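Computed from a prediction, not measured in an experiment: that's the story for all the values here.
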Amino acid sequence: MKLLIINPGSTSTKISLHDEETKLFEESIFHDAPELLKYPHVNDQVPFRKQVVLDILKKNGYSLEDVDVFVGRGGSACPCEAGVMEVTEKLYEDTRDGVGGSEHAAKLGVMLAHDFSKETGKPAYTMNPTNVDELIDEARITGIKGVYRNAQAHVLNQKAVATYHAEKMGRKYEDCNFVVCHIDGGITVHAHRKGRMIDGNVGSGGDGAFTPTRIGSVPILPLITYLKSHSIEEVELMCSRAGGFVSHFGTSNADIIHEKVVSGDKKAGLIWRSMVYQICKQIGAMAVALDGEVDGILLTGGLMRFPDIAEKIHKKCDWIAPIYCYPGELEQEALANETLKVLHGKVKLKKYTGKPVWKGIED
């Protein structure tokens with residue numbers, strides 16, 4: 001049984017083809033932010049991303065007809081539980097319409113898997129989308145009535161890395177407390193308590209450290225001043241696709257920025273250090289969310305290919321707990337392996353309800 005894993009990110013499209021437990025190939029294409037900003041809405045990228053997938057398949061000697069199951073990364077639908085879900089029409093529609101209130105390229109995985117499923121008559125699944133909601137209620141409340149902090153993170157990779165690390169320790173993910181940091185085009189830092197992501201920054205919602213493509217947390221009053229000469233639409237775009245490095249340098253390519261840092265460029269050096277500094281502050285906050293009971297700080301994501309990031313985090317945070325680095329991500333393997341468990345009857349398939357996990361508080 002061949003599974004095509006479709007994983008669109010904010011700066012890349014990655015796919016892999018698996019024949020049961022054997023990976024036949026994996027390939028990732030980088031997309032600089034200016035290229036993707038040609039598309040006014042994330043949904044507008046579907047034809048472009050679809051062609052990228054088809055081209056990679058063809059390059060490796062395969063076509064859609066060779067695929068038995070399509071598995072796409074997901075997000076933007078109604079907040080849901082963790083696990084593997086079938087891509088139903090309801091899930092597709094809610095993903096397309098962004099009913100979860102966040103627009104991220106991860107949603108394109110579900111949309112592409114759905115389209116390929118319709119074209120071929122083969123089933124489509126998703127797992128641990130960005131909108132999995134396991135927050136404790138204290139993490140949701142803001143100082144504005146009716147406005148809540150929502151769950152939005154790199155759930156797929158964070159849980160995959162945490163599970164992998166726990167197994168390396170001879171333990172179960174559900175028995176451990178971790179602070180997990182996904183550091184790439186987007187950055188999310190979350191507290192994992194006994195298998196649940198109880199708190200963390202809202203990745204594409206203007207929260208946490210700024211990133212290659214996102215503005216991160218910005219004080220409200222200066223932001224209001226900024227809005228006097230800029231549109232709301234511009235700021236919304238900067239929350240997920242046009243902030244951070246893109247705003248400062250006109251590119252989301254971290255390799256270019258890091259070369260500037262290494263060459264002694266003062267502006268690049270300051271901005272790079274500031275990004276890591278803000279990640280460290282978030283790690284400290286999540287250690288507090290875990291009452292200081294932290295079994296490990298796990299660093300993962302594409303930017304962990306730069307050793308200086310881990311070095312700086314070690315200097316500031318290793319007093320909290322041991323730090324472990326897993327550059328890149330384990331998303332492809334997680335999507336393939338967990339879907340196979342469902343297909344072979346080893347794990348129960350979750351159902352997308354279209355109803356949020358949490359519905360607010362009563363007066």
Side-chain angles (χ1 to χ4, degrees), residues 2-19 23-31 35-36 42-43 45-57 59-60 62 64 67 69-77 82-85 87 91-92 95 102-117 122-132 152-161 163-164 182-188 203-204 212-213 240-241 252 300-305 326-340:
K2 291 186 176 65
L3 290 76
L4 179 65
I5 311 303
I6 308 165
N7 186 350
S10 59
T11 57
S12 66
T13 301
K14 178 180 288 186
I15 73 167
S16 56
L17 187 64
H18 301 247
D19 189 349
K23 185 188 293 183
L24 301 177
F25 77 84
E26 178 178 313
E27 192 163 336
S28 180
I29 303 296
F30 173 76
H31 312 299
E35 179 183 15
L36 297 180
V42 174
N43 291 0
Q45 297 179 28
V46 168
F48 166 71
R49 300 271 193 161
K50 183 175 183 179
Q51 193 57 52
V52 170
V53 172
L54 293 173
D55 288 345
I56 295 175
L57 271 174
K59 175 184 173 184
N60 287 276
Y62 296 96
L64 293 181
V67 179
V69 179
F70 298 95
V71 187
R73 186 182 175 201
S76 299
V84 178
M85 298 176 290
V87 179
L91 175 55
Y92 167 75
T95 299
S102 175
E103 290 297 319
H104 186 276
K107 69 184 293 190
L108 298 171
V110 160
M111 296 174 70
L112 290 170
H114 170 272
D115 288 357
F116 290 144
S117 173
K122 307 291 180 60
Y125 297 90
T126 189
M127 171 190 159
N128 288 352
T130 59
N131 50 292
V132 165
Q152 192 66 225
H154 298 91
V155 181
L156 178 61
N157 190 44
Q158 286 208 27
K159 281 183 172 289
V161 169
T163 300
Y164 175 78
H182 180 104
I183 304 172
D184 204 358
I187 296 172
T188 52
S204 57
T213 61
S240 60
R241 296 200 283 153
S252 61
T300 182
L303 291 193
M304 294 315 301
R305 65 184 181 275
Y326 296 98
E329 36 75 22
L330 300 178
E331 294 174 344
Q332 304 300 108
E333 292 79 6
L335 286 167
N337 295 337
E338 294 305 310
T339 301
L340 276 172

> Return the orientation label for the His154 and His182 ring planes: parallel under 30°, perpendicular over 60°, tilted otherwise.
parallel

> Quick one: are Arg73 and His104 in side-chain contact, heavy atoms under 4.5 Å?
yes

> Go through the structure and list residues passing side-chain hydrogen bond (donor to acceptor under 3.5 Å, both in side chains) with Lys14, not counting sequence neighbours.
Glu329

> Taking the side chain as every heavy atom from C-beta outward, state whether Met111 and Tyr92 have any pair of such atoms under 4.5 Å apart.
yes

> Over all heavy atoms of both residues, which pair between Thr339 and Leu335 is shortest? Give the atoms and the distance, please.
OG1-O, 2.6 Å

> Measure across Ser76 and Thr95 and return the closest heavy-atom pair with its distance rounded to 0.1 Å.
CB-O, 4.0 Å

> Do the side chains of Ile56 and Phe25 get nearer than 4.5 Å, heavy atoms only?
yes

> Under 3.5 Å, is there a donor-acceptor pair between the side chain of Ser117 and the main chain of Ala113?
no

> Hey, could you give me the NE2/CG distance between His114 and Leu91, rounded to the nearest 0.5 Å?
9.0 Å

> Evaluate the side-chain proximity of Tyr62 to Leu17: yes if any heavy-atom separation is below 4.5 Å, no if none is.
yes

> Is there a donor-acceptor contact under 3.5 Å from the side chain of Asn7 to the main chain of Ile15?
no

> Within this structure, what is the CG-NE2 distance for the pair Leu340 and His18, rounded to the nearest 0.5 Å?
9.0 Å

> Taking all atoms of both residues into account, what is the closest heavy-atom pair of Gln152 and Thr188, and its distance?
O-CG2, 4.1 Å

> Of all the heavy-atom pairs spanning Gly75 and Pro129, show the shortest one and how long it is.
N-CB, 3.7 Å

> What is the distance from atom CG of Leu156 to atom CD of Gln332, rounded to the nearest 0.5 Å?
8.5 Å

> side-chain contact (heavy atoms from CB on, under 4.5 Å) for Phe70 and Leu112? Distances and angles first, verdict last.
CA-CA 9 Å; Phe70 298 95; Leu112 290 170; over 6 Å; no

> Would you confirm whether Thr213, through its side chain, and Gly185, through its main-chain N or O, come within 3.5 Å as a donor-acceptor pair?
yes

> Looking at side-chain heavy atoms only, is the closest gap between Val53 and Leu4 below 4.5 Å?
yes

> I'd like to know if the side chain of Lys159 and the backbone of Asn128 have a donor-acceptor N/O pair within less than 3.5 Å.
no

> Are Lys23 and Glu333 ion-paired here, with the side-chain N under 4.0 Å from a carboxylate O?
yes

> For Arg241 and Leu36, indicate whether the former's side chain and the latter's backbone hold a donor-acceptor pair under 3.5 Å.
yes

> Check whether any side-chain heavy atom of Arg305 lies under 4.5 Å from a side-chain heavy atom of Leu303, and answer yes or no.
yes

> Does the side chain of Glu27 come within less than 4.5 Å of Lys59's, by heavy atoms?
yes

> Taking the side chain as every heavy atom from C-beta outward, state whether Asn157 and Leu330 have any atom pair closer than 4.5 Å.
yes

> Which heavy atom in Thr300 sits nearest to a heavy atom in Tyr326, and how many Å separate them?
OG1-O, 2.9 Å

> Do you know the tightest heavy-atom contact between Asn131 and Ala77?
ND2-O, 3.3 Å

> Describe, in one word, how the ring planes of Phe48 and His31 are oriented to each other, choosing from parallel (under 30°), tilted (30 to 60°) and perpendicular (over 60°).
perpendicular

